[in-house]
Every structure is written in structure tokens, then in C-alpha cells.
Amino acid sequence: MKAVVADILEKTLARAQADGALPPWPERPAARSTVDAPKNPAHGDWASNVAMLYAKAAGKPPRQIAEILKERLVDAEGVVLALEIAGPGFLNFRLSPDVWWRELERVGREGEAFGRSDVGAGQKVDVEFVSANPTGPMHVGHGRGAVTGDAISSLLEATGHRVTREYYINDAGGQIRTLAQSVHVRYRQLFGEAVELPEESYPGEYVVEIAKELKESHGDRFLRAPETEWQGPFAALAVERILAMIRGDLEALRIRFDVWTSEKRALHESGAIRRALDDFRARDLLYDKDGAVFFRSTLHGDDKDRPVVKSNGDPTYLAADIAYHQEKFGRGFDWCLDVWGADHHGDIPRVKAAVKELGVDPARLRFTLVQMVNLLREGKPFKMSKRAGTVVSLREVVEEVGADATRFYFLLRRSDAQLDFDVALAKRQSNDNPVFYVQYGHARLCSILRRAREQGIAPPGFDLEALRSLTLPEEQDLAKRILGLPDLVAGAALAFEPHRLVFFLQETVGAFHAYYTKYKTTEKVIGPDPLKTRARLYLCDCLRQAMANALAMLGVTAPERMERPPEEAGEAE
RNA sequence: GCGCCCAUAGCUCAGUUGGAUAGAGCGUCGGACUACGAAUCCGAAGGCCGGAGGUUCAAAUCCUCCUGGGCGCGCCA
């Protein structure tokens, strides 16, 4: 759509330069200039700023350049209805409605594929997200990263990337040791011992369940055994059971991973960490200090060198991360995306430094940060605390408001801005959630199409002659919005910004609702004029398809019917 | 103290990577159903885009400084 105008502009510029009316531009004009859809409809369908950008190189005022271009307009197909020069030198194009109508053909033809593109050109990418430590079920704070990562993955898939969704399991290290210890305390309690959970431990009920299972399978075998004997099996079972819980939490949100990478197995036990460190050591990227081993991350812009081996001989998290990224890139991805909680942003420089030393172009490792979720209850902030028992599990929210509303809510805002999440509100007033507004619009469209079917009207199909009978500005506007979806999806995918689709949906469905209401008594979709009816039904079907496709990319369902919400209780006298 | 993120309507936030008169939802006030779905729509009120400089035809957007908030700055993960 935009490409039509860009093409005309490019040819017009070439002609003006061939004429000698404009000097050649050192930079490629089309690369720098923009063709935008102006917000003000009085400014036409598409507007370009080339004339202003050209002013310096041409040594002429922008409006004069615009004039030169206008006189030499190359419009082979005759799609430009009007070309106006406005403001400081904007070229405002008004196109023949035929352009939209003709383009609408692809929506019906592409169907569920409409909105998808191939800007990714088959690149193989890895998206790593969630990666919550397997020490307990997921809480609401994790939900945002999960949904965001999943939606980004879907967007990348929709733009021709081959995506691997990956969960990195931090099943090694101190937290897991503490987890096993917590299980052991519970295990001892099951045998009647009066032991308390230490300060640093995991108090959740699920730990007791794991302890019970160990009691049943092993009896009192580990009761008096030294930690070296039970640490392994206790940790292993706990991680296995907790991962199953996490998997369930994610499934409830319709999130599935292709790969679950165990830090313990893939990096520690495999020797990958040792090999990576040996390699770094051989290249003098490591040095010993205070009994520990440091990586010279300052070589590549980090504030300070970071330890990779503790003085007790254990590798640090960074060491694992180095080996992990080496292993990941070794799997042949064109690039990898790490979706991290914003509280880990400080780790980015050191990982980038490491990746560079691994011989990987740092541009191939991309990050997107998901900011914190501010939890509120009835408008009042609160913090989740395991000891205070104020942890709100992701599962309870999803079960209460549904996967659609939860997903939509988490995608409502740019992921690098903080998000307020009112637990009480989310559970109670789920009707306020904008997802219902959007879904209702889809259901309404389905209802119209259903009605037409019931009246024996032929199923909607592309019909240029019929579409030409549509003259309402709202109808052209709707067509334009629908046709903007592919560009929108591509932009959102490359920027890792799924929220753009959310806004597209809200705005598009809003335009439809307004159109519907405005003409519900005068120019109905199903009306007396068979030609217009045919055209409008097709337009509605395109709209429905565009919305359904956008919703699918966000992992939200597009219902064909919705039940009426419960009546407001407050109306009683 | 240093680094990253943020600051836009009463509240929560968009703003198409520098474009023309800064938008939406919620909230407030006032309207619209014997009609394809009222979970809808229409209208009104509401702004020094945190502040000050700078870059240029053009700045909410880019640069510098300041103010105010969040998060980091472990031999935790």
C-alpha cells in the first residue's frame, strides 16, 4: 500500500533528476525520506517529506522542489487522484479508492495468512524467556515476561522467522541447594522431628508434597544421612516436580516451549563451562584474584571485571551464561533474543562482552527487557513475600480471569514501562478488560456474517465492481486500516513490541463500532442494495479476518459469539 | 556516587523511530436501543508533553545539564 506511493515517488524523483531539474542526491532519497499516513485526513492518504529533506542538496526551498516533483509526477497506473503541496513542503497524495478496493483482494485470498510477511527471510532465531528459577510455582510477576516472550515469538514467526522458544532452567547453584534443604527439613518433620524451617528457605506447601513423595519412596533412609547423600536426589526430584508445575502454569496461558535447557546437565555436567573457561584462560581473558577467577569484561565496556569462579571453586552464574550462549549460538541460530526481567539489565554488558570473545558478532545477541509489575490490591501497592504469605500465583489469576484477559492485560503496555496490576480489580471487574471490547467487535462481525448466511445471501467474496459502489469515508478508512496490518506486524516484530498489535486492535474495532452505530438505520451492511450488501459483507469479512489474525498472534482467542455479561448488581433500588 | 529505564489529560498509558492542530481507555458530566449484538456509540470538560538550554525547515521524539521516581552496581541466581 505504502509501497505504491513510494514507488511513484522514486520514479518521479528519478525523472526530475534525469531532467536536470534537481541535482542528484548523495544519499538515496527513498531511503531517508518517509511516506506516512497523516493523522489529519485533510492531508490526504499518504504524505511525503522528500521535498524538505532535499532542500539542502538541491539548494532550493522545499515548496519549489515539491512543485518540480508535482509537475513531473510519474503515475503510470493513474492511481493518484490529487497531489497537493502543503505546509512547509509536504506532498500530499490522495489516491483513488480503487487502490484500496483492489488491494482488499489479498485479504480474502490469504485468509489466515493475511498480516504475515517474509521480512524475516527464514532466519533461524532463538527466543529465551521466562526462565523462572525452578524453586516454586510461577507468580504474577513472572506472567508478564512469559506472555511478552511468547507474543514476540509469534510475531517473529508471522514475519518469516523460524523461532525456537526456549526455557533456560537454572537448576544449579545455591537456590537449588536451599530448595533441597527445605525439602529435607519437611522430610524430617514428616518423621515427627521438631525442626523449624531456617530463615532462608522455601516454605510453600508444594515442598511438603515433595517431601512426602520422598518419604514414600525412600522411607527414612535419608533421615540421618549426611547432606552429600540426599542433596542430589532431593534436588533432582524437587526440580522435576516444580518444573511440572511451571509447565502447567504456562500451559494455562497457552505457552509452550520447544526447548528446555538444563543448566545443570547441558552446561555443568557436560563440561561446557569448563571448556569455555579453559578457552578463555588460554587466551588470557581470565586472571586470579583473592582465590577467585575473574573475566576481563572491562575489555568490552563493562564497568568492572566479573568473577567466573568463586574462591570455593564453584562457577558463577556468569560462567554458566557464557557457556550457555556459546552452546546456543553453536546450534546455528542467526540471532538470539534474551527476554529478561529489567532487574537483570546490569548483566547485559558482561554477557555481551563474553559473546564477543566467543567470536560471535554481538549484534546477533539481542535483549528486550520486561519491566517490573507493580502489584496493587484495591489500588494499594503491596509486595509479594513468601514469608508473609502474600505471593499471588499466576495460576490463580489465570483461573479467575481466563487466559485471554491475562494475556491481553500483560500486553497492554510497552514492555519496558512498568505495569500496574491490581489483583483485586483483575479478579473482580474482568468486564472492564479491553480484551472484551475487542472480542465483542469480532463476535459482532461474525454475527452480521451469520445473519447474512441465514438470509441466504451468497458468501462474501472479493468483487471489485461491488466495492466500487461503496462511497462512505468510514468504509475507505476501514479498508485502509485492514491493509495496514502487514506493515504493522512487521514493525512490531522487528521492534519486539507486541503492544502495537493491541493498539491496532483497539483502534480498528473502535472504528468499526462507530461505523456500525452511525449507519445502523441508514446504510446497513445487509441492506436493500445487493451490490453494496455484497461489498460490505466482504469488507466485514476482511475486518474479521484481520482482527482474528492479530488476536492469534497475541495468543488470544477470537470468539464467534459472546455471552452477555451479568447484569450490574448496583442497579437495584 | 556510577549505570540502565521512565516522566505526556484527574488516573493508566499510546504517539507509526524527526513531521502538519499531541491521541485513547478509565473516571466526571450530558445524550442515543420497537432496527445487522447497547460488552456499543455520540458529545462536553480536561495539556507549559517534568524543567532549562542546544541541534534544524520541523522536537513529546535527537544531544547536554537539572529535578523527581524505578531498578541495578555480590565470589546471589
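Order of the sequence lines fixes the chain letters, A, B, ..., with proteins taken first and strands second; residue numbering starts at 1 for each chain.
Among the atoms of the strands shown, only primed sugar atoms or phosphate atoms (P, OP1, OP2) are found under 4.0 Å from some heavy atom of A/F503. If you check every strand for non-hydrogen atoms under 4.0 Å, A/D347 touches a base. In this structure, A/A514 reaches the sugar-phosphate backbone alone: every heavy-atom distance under 4.0 Å involves primed, P, OP1 or OP2 atoms, never a base. Residue contacts for A/H513: at a heavy-atom cut-off of 4.0 Å it reaches the sugar-phosphate backbone alone, with no base atom in range. Counting any heavy atom pair closer than 4.0 Å across all strands shown, A/A495 reaches a base atom. When heavy atoms are screened at a 4.0 angstrom cut-off, A/G174 is found touching the sugar-phosphate backbone but no base atom. Residue A/E507 is out of contact with every strand shown, counting any heavy-atom pair closer than 4.0 Å. Looking at heavy-atom distances under 4.0 Å, A/R561 makes contact with a base. As judged by a 4.0 angstrom heavy-atom cut-off over every strand, A/A47 is placed among the base-contacting residues. Residue A/D487 is out of contact with every strand shown, counting any heavy-atom pair closer than 4.0 Å. Looking at heavy-atom distances under 4.0 Å, A/A172 makes contact with sugar-phosphate atoms alone, never a base. Within 4.0 Å of A/Y437, counting heavy atoms only, lie sugar-phosphate atoms of the nucleic acid but no base atom. Using a 4.0 Å heavy-atom criterion, one finds that A/P62 contacts no nucleic acid atom at all. Within 4.0 Å of A/K304, counting heavy atoms only, lie sugar-phosphate atoms of the nucleic acid but no base atom.
For the 3.5 Å distance criterion, the side chains of A/S415 and A/Q371 fail to qualify, holding no donor opposite an acceptor. With hydrogens and angles left out, the side-chain atoms of A/N92 and A/E84 include no donor and acceptor closer than 3.5 Å. No side-chain donor-acceptor contact under 3.5 Å links A/Y317 and A/D347. Remark: the A/Q439 side chain and the A/D404 side chain contain an N/O donor-acceptor pair separated by less than 3.5 Å. Between the side chains of A/Y202 and A/Q181, no donor N or O sits under 3.5 Å from an acceptor N or O.
Side-chain N/O atoms of A/S311 and base N/O atoms of B/rC75 include a donor-acceptor pair closer than 3.5 Å. Side-chain atoms of A/D36 and base atoms of B/rG19 include no donor and acceptor less than 3.5 Å apart. One N or O donor and one acceptor, one from the side chain of A/N92 and one from the base of B/rA20, sit under 3.5 Å apart. Between the side chain of A/H344 and the base of B/rG72, no donor-acceptor pair under 3.5 Å is found.
Rounded to whole Å, the C1' atom of B/rA38 lies 7 Å from the corresponding atom of B/rC33. Comparing B/rG68 with B/rG25, their C1' atoms are spaced 26 Å from each other, to the whole Å. Across B/rA24 and B/rU8, the matching C1' atoms stand 13 Å from one another, rounded to whole Å. Comparing the C1' positions of B/rA59 and B/rA20 gives an interatomic distance of 13 Å, to the nearest angstrom. Atom C1' of B/rC5 sits at a distance of 24 Å from the matching atom of B/rA9, rounded to the whole Å. With C1' as the reference atom, B/rU55 and B/rG18 are 11 Å apart, rounded to whole Å. Separation of the P atoms belonging to B/rC63 and B/rU16 is 15 Å when rounded to the nearest angstrom. On the P atoms, B/rU12 is 28 Å away from B/rU17, given to the nearest whole Å.
Counting only heavy atoms from C-beta on, A/R450 has its side chain closest to B/rG37 among B/rC76, B/rG37, B/rC6. The side chain of A/R444 sits closest to B/rA38 out of B/rA38, B/rG72, B/rG19. In this structure, the nucleotide among B/rC36, B/rA77, B/rA20 sitting nearest to the side chain of A/A86 is B/rA20. Distance from the side chain of A/I448 is smallest to B/rC36 among B/rC36, B/rA77, B/rA20. In this structure, the nucleotide among B/rA77, B/rG70, B/rA14 sitting nearest to the side chain of A/A417 is B/rA14.
Between the C1' atom of B/rG69 and the CG atom of A/D420 lies a distance of 13 Å, rounded to the nearest Å. In this structure, A/Y519 atom OH and B/rC36 atom C1' are separated by 16 Å, rounded to whole Å. Between the CD atom of A/E200 and the P atom of B/rA77 there is a distance of 13 Å, rounded to whole Å. If you measure from atom CZ of A/F504 to atom P of B/rC13, you get 24 Å, rounded to the nearest angstrom. Atom-to-atom, CD1 of A/I273 to C1' of B/rA77 comes out at 13 Å; the value is rounded to the nearest Å. Note: OH (A/Y515) to P (B/rA32) measures 24 Å, nearest angstrom. Between A/F410 atom CZ and B/rC13 atom C1' there is a gap of 17 Å when expressed in whole angstrom units. Regarding A/D343, its CG atom lies at a distance of 12 Å from the C1' atom of B/rC4, rounded to whole Å.
For the pair A/R306 and B/rC75, the criterion of a side-chain N or O lying under 4.0 Å from OP1 or OP2 is not met. At B/rA39, one or more side-chain N or O atoms of A/Y440 fall inside 4.0 Å of OP1 or OP2 (strictly under the cut-off). Within the 4.0 Å cut-off from OP1 or OP2 of B/rG15, not a single side-chain nitrogen or oxygen of A/K39 is found. A sub-4.0 Å separation between OP1 or OP2 of B/rA77 and a side-chain N or O of A/K264 is absent. Note on A/K520: a side-chain N or O is less than 4.0 Å away from OP1 or OP2 of B/rA38.
Without hydrogens or angle criteria, A/R63 side chain to A/G87 main chain gives a donor-acceptor distance under 3.5 Å.
Taking 90° from 0 as the syn/anti boundary, the base of B/rU17 is oriented syn. Taking the O4'-C1'-N9-C4 or O4'-C1'-N1-C2 dihedral as appropriate, B/rC71 has a value more than 90° from 0 and is therefore anti.
Nearest-nucleotide positions on RNA chain B for A/G291 and A/S447 put A/S447 closer to the 5' end. Residues A/K289 and A/T521 each lie close to RNA chain B; by heavy-atom proximity, the contact nearer the 5' end of the strand is made by A/T521.
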_Expected output check: what is the dot-bracket annotation of RNA chain B, where ( ) and [ ] are pairs inside the strand (brackets for crossing ones), | is paired with another strand, and pairs are Watson-Crick or G-U under 3.5 Å?_
(((((.(..((((.....[...)))).(((((.......))))).....(((((..]....)))))).)))))....
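With a 4.5 Å cut-off on side-chain heavy atoms, A/L485 and A/F504 count as touching. By the 4.5 Å heavy-atom criterion applied to side chains, A/D288 and A/F294 are not counted as neighbours.
Separation of the A/W260 and A/Y167 ring centroids falls under the 6.0 Å cut-off.
Stacking between A/H43 and B/rA20 is shown: the ring centroid lies under 5.5 Å from the centre of the six-membered base ring, and the planes differ by under 30°.
Judged by the 6.0 Å distance and 45° axis criteria, A/R350 is not positioned over the aromatic ring of A/F295.
Heavy-atom minimum distance, A/K264 versus A/D171: N-OD1, 2.7 Å.
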_Chi angles and distances behind the side-chain contact (heavy atoms from CB on, under 4.5 Å) call for A/Y515, A/E475_ = CA-CA 8 Å; A/Y515 163 72; A/E475 289 163 341; 2.7 Å; yes
